Amino acid sequence: MSGERTDNEVLTLAPPGSGAELLEVRDLRVRFSRGGRRVHAVNGLSYRLNAGEILAIIGESGSGKSVSARTLMGLLPPSAQVTGSARFAGTELLGLPEREMRGRRGAEIAMVFQDPARSLNPTMRIGAQITEAIRAHSALSRKQAAERAVELLKLVHLPAAERRFYEYPHQLSGGMRQRVVIAIALAGEPRLLIADEATTALDVTTQAQIMELLLELKQRLGMAIILISHDLGLAASYAQNVVVMYAGRAVEYTSAEELFAHVRMPYTQALLGAIPLLEREPHALLPVIPGQPPDPAALPPGCPFRPRCAAATDACAEPPPFVEHEPGHWWACWHPAEDLSPQVKDGVQG
Ligand SMILES: Nc1ncnc2c1ncn2[C@@H]1O[C@H](COP(=O)(O)OP(=O)(O)O)[C@@H](O)[C@H]1O
Ligand code: SF4
Ligand SMILES: [Mg+2]
């Protein structure tokens, strides 16, 4: 779709551990107009996802994670300008008519958001909400759909599923509500589930339980998952591959294992350096990196991380291309880091 020149190299290799390719996003760019200014929300994002894999998309707030996910769901406002490509199971999603997109939403790709309370209808019993979602995707009768709804509630390990079926969202805890939201997302038997900060609003114990549930669902249903998070430590312990985003761009992309062993991009390195801090303070939502990410309506020229980067030189006035510098390892940086210092590897902040 894109006729523009791109500084993002086309991805030619899938990361290690490849199954069949399900999704390939290439040089995705999304712009909005806000108050006469152009907001570059997604500014060059490329990755691949294989069937049954978990990919983490990591970045600070405002880095374009949610907008990129909503693009795949066809959930952007009409004013959004989208270029690039997103091929899902052989079909180009960008530019699909809304009618076709609606057919795929939930059936092929489903999304779970941060706040389970807002995803549920407070005035409707949860069983009815799941039943409705199942009937939207199938020709099952009301009774059959209700039976399937109870099965789904059991699949997501909602305690006392038969009884909870008749309860309203406010009668459930936050973790239980998120299980219900996941059950609704599973109603159309999607091949890809996008979990957008799906555990961020939950306490640490519940967060771990929901992550375990997602992992179990991936294994039992063969579903691929995109795990969107600002928490690199959490995501990398569940994901096979990780895309790190900064200012709307992919800045590092490789397997979780490789990322921890040979992190290259200074921004990712800073995120990793912040992990021990997150472990001490599980509710600290943002890693501590001095400075602020740039305003997407006024991106600086050159490398967007430059104002915060300790390794920056004059060369960084040119934007570094996002390329596969080592097999299976892409990054965008003129001065990639050497391997992490032993202190950071051992979990001590350097
Ligand atoms: N509908 C919109 N109109 C204008 N700007 C938007 C819109 N939606 C998101 N943005 C902007 O796009 C940028 C990326 O947002 P988002 O993808 O939500 O970030 P993240 O999920 O990484 O926190 C932010 O600067 C946000 O303000
Ligand atoms: S390109 Fe330069 S400014 Fe950007 S991350 Fe690399 S060293 Fe830092
Ligand atoms: Mg978001």
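Keep in mind it's a predicted model, so treat the numbers as computed, not measured. We count ligands from 1, going down the list as the structure has it; atoms in each ligand are counted the same way.
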**Q** At under 4.0 Å between heavy atoms, is it the side chain or the backbone of Arg34 that contacts ligand 1, or both, or neither?
**A** side chain

**Q** Which of the atoms of ligand 2 are close to Cys309, meaning less than 4.0 Å from one of its heavy atoms?
**A** 3 (S), 5 (S), 7 (S), 8 (Fe)

**Q** Examine the proximity of ligand 1 to Met245 and report which part, side chain or backbone, both or neither, has a heavy atom under 4.0 Å away.
**A** neither

**Q** Which atoms of ligand 1 sit under 4.0 Å from any heavy atom of Ser63?
**A** 19 (O), 20 (P), 22 (O)

**Q** Assess the residue pair Gln144 and Ser141 against the criterion (side chain to side chain donor-acceptor pair (under 3.5 Å)); give the C-alpha distance rounded to whole Å, side-chain angles, the decisive distance to 0.1 Å, and a yes or no.
**A** CA-CA 5 Å; Gln144 287 168 324; Ser141 70; 3.2 Å; yes

**Q** Around atom 22 (O) of ligand 1, find the nearest protein heavy atom and jot down its residue, atom name and distance.
**A** Lys65 NZ, 2.8 Å

**Q** Could you tell me the residue and atom name of the protein heavy atom closest to atom 4 (Fe) of ligand 2, and the distance to it rounded to 0.1 Å?
**A** Cys303 SG, 2.3 Å

**Q** Is the shortest N/O to N/O distance between Ala41 and ligand 1 below 3.5 Å?
**A** no

**Q** Are any of the side-chain nitrogens in Arg135 or Glu132 under 4.0 Å away from the carboxylate oxygens of its partner?
**A** no

**Q** Return the closest protein heavy atom for atom 6 (Fe) of ligand 2 as residue, atom name and distance.
**A** Cys333 SG, 2.2 Å

**Q** If I take atom CG from residue Leu28 and atom CG from residue Leu45, how far apart are they, to the nearest 0.5 angstrom?
**A** 5.5 Å

**Q** Mind checking the CG-CD1 spacing from Asp231 to Ile228? Nearest 0.5 Å is all I need.
**A** 14.0 Å

**Q** Please determine whether Cys316 has a backbone or side-chain N, O or S atom lying under 2.8 Å from atom 2 (Fe) of ligand 2.
**A** yes

**Q** What's the shortest heavy-atom distance between Gly59 and Lys65, and which atoms?
**A** O-NZ, 2.9 Å

**Q** Which heavy atom of Ala198 sits nearest to which heavy atom of Leu202, and what is that distance?
**A** O-CD1, 4.0 Å

**Q** I need the Ile210 CD1 to Thr205 OG1 distance, nearest 0.5 Å.
**A** 12.0 Å

**Q** Does some non-hydrogen atom of Gly59 fall short of 4.0 Å from ligand 1?
**A** no

**Q** Could you check whether Glu324 pairs with Arg48 (Lys NZ or Arg NE/NH1/NH2 to Asp/Glu carboxylate O, under 4.0 Å)?
**A** no

**Q** How long is the gap from CG on Leu55 to CG on Leu23, to the nearest 0.5 Å?
**A** 8.5 Å

**Q** Give a yes or no on whether a salt bridge exists between Glu252 and Arg264, defined as a side-chain N under 4.0 angstrom from a carboxylate O.
**A** no

**Q** If you have a sec, work out which protein heavy atom is nearest atom 23 (O) of ligand 1 and how many Å separate them, to one decimal?
**A** Gly62 N, 2.6 Å

**Q** Indicate the atoms forming the closest heavy-atom contact of Phe260 with Ala236, along with that distance.
**A** CE1-CB, 3.1 Å

**Q** Distance under 4.0 Å to a non-hydrogen atom of Glu60: what atoms of ligand 1 satisfy this?
**A** 22 (O)

**Q** Write down the atom of Leu192, the atom of Leu22, and the distance for their closest heavy-atom approach.
**A** CB-CD2, 4.2 Å

**Q** Assign the ring pair Trp331 / His329 to parallel, tilted or perpendicular, where the plane angle (0 to 90°) is split at 30° and 60°.
**A** perpendicular

**Q** Please report which non-hydrogen protein atom sits nearest to atom 11 (C) of ligand 1, along with the residue it belongs to and the distance in Å to one decimal place.
**A** Val39 CG1, 4.1 Å

**Q** With a cut-off of 4.0 Å, which atoms of ligand 1 are near a heavy atom of Ser61?
**A** 23 (O)

**Q** So does Ser85 get a backbone contact from the side chain of Arg26, meaning a donor-acceptor N/O pair under 3.5 Å?
**A** no

**Q** Counting only N and O atoms by type, is there a donor-acceptor contact under 3.5 Å from the side chain of Thr254 to the main-chain atoms of Gly328?
**A** yes

**Q** Can you report which non-hydrogen protein atom sits closest to atom 5 (S) of ligand 2, along with the distance?
**A** Met265 CE, 3.6 Å

**Q** Does His230 reach ligand 1, in the sense of a heavy atom lying below 4.0 Å from it?
**A** no

**Q** Quick test: of every protein heavy atom, which one is nearest to atom 10 (N) of ligand 1, and how far off is it to 0.1 Å?
**A** Phe32 CE1, 3.7 Å

**Q** I need the atoms of ligand 2 closer than 4.0 Å to a non-hydrogen atom of Arg306, numbered in the order shown.
**A** 3 (S)

**Q** Can you tell me if, anywhere in His335, an N/O/S atom lies at a distance from atom 4 (Fe) of ligand 2 that is smaller than 2.8 Å?
**A** no

**Q** Are there any protein N/O/S atoms under 2.8 Å from the Mg ion (ligand 3), and if so, which?
**A** Ser66 OG

**Q** Select the closest option to atom 16 (P) of ligand 1 among Thr71, Val67, Asp196, judged by heavy-atom distance.
**A** Val67

**Q** So is Trp334 in contact with ligand 2, going by heavy-atom distances below 4.0 Å?
**A** yes

**Q** With the threshold set at 4.0 Å, does a side-chain nitrogen-carboxylate oxygen contact exist between Lys218 and Glu53?
**A** no

**Q** Give me the atom names and distance for the closest heavy-atom approach of Leu172 to Glu167.
**A** CD2-OE1, 3.5 Å

**Q** Please list the nearest protein heavy atom to atom 18 (O) of ligand 1 with its residue and the distance rounded to 0.1 Å.
**A** Ser66 CB, 3.7 Å

**Q** Please could you name the atoms of ligand 2 that Pro266 approaches to less than 4.0 Å, counting only its heavy atoms?
**A** 5 (S)

**Q** Using a 4.0 Å cutoff against the non-hydrogen atoms of Pro320, which atoms of ligand 2 qualify?
**A** 1 (S)

**Q** Could you tell me whether Glu98 and Arg105 have a side-chain N and a carboxylate O separated by less than 4.0 Å?
**A** yes

**Q** Which ligand 2 atoms does Ala311 reach within 4.0 Å, using its non-hydrogen atoms?
**A** 7 (S)

**Q** Could you check atom 25 (O) of ligand 1 against the protein and tell me its nearest heavy-atom contact, residue, atom and distance included?
**A** Pro296 CG, 3.0 Å

**Q** Taking 4.0 Å as the limit for heavy-atom contacts, which would you say applies to Pro77 with ligand 1: side chain only, backbone only, both, or neither?
**A** side chain

**Q** Can you name the nearest heavy-atom pair linking Ala110 to Ala185, along with the distance?
**A** CB-O, 3.4 Å

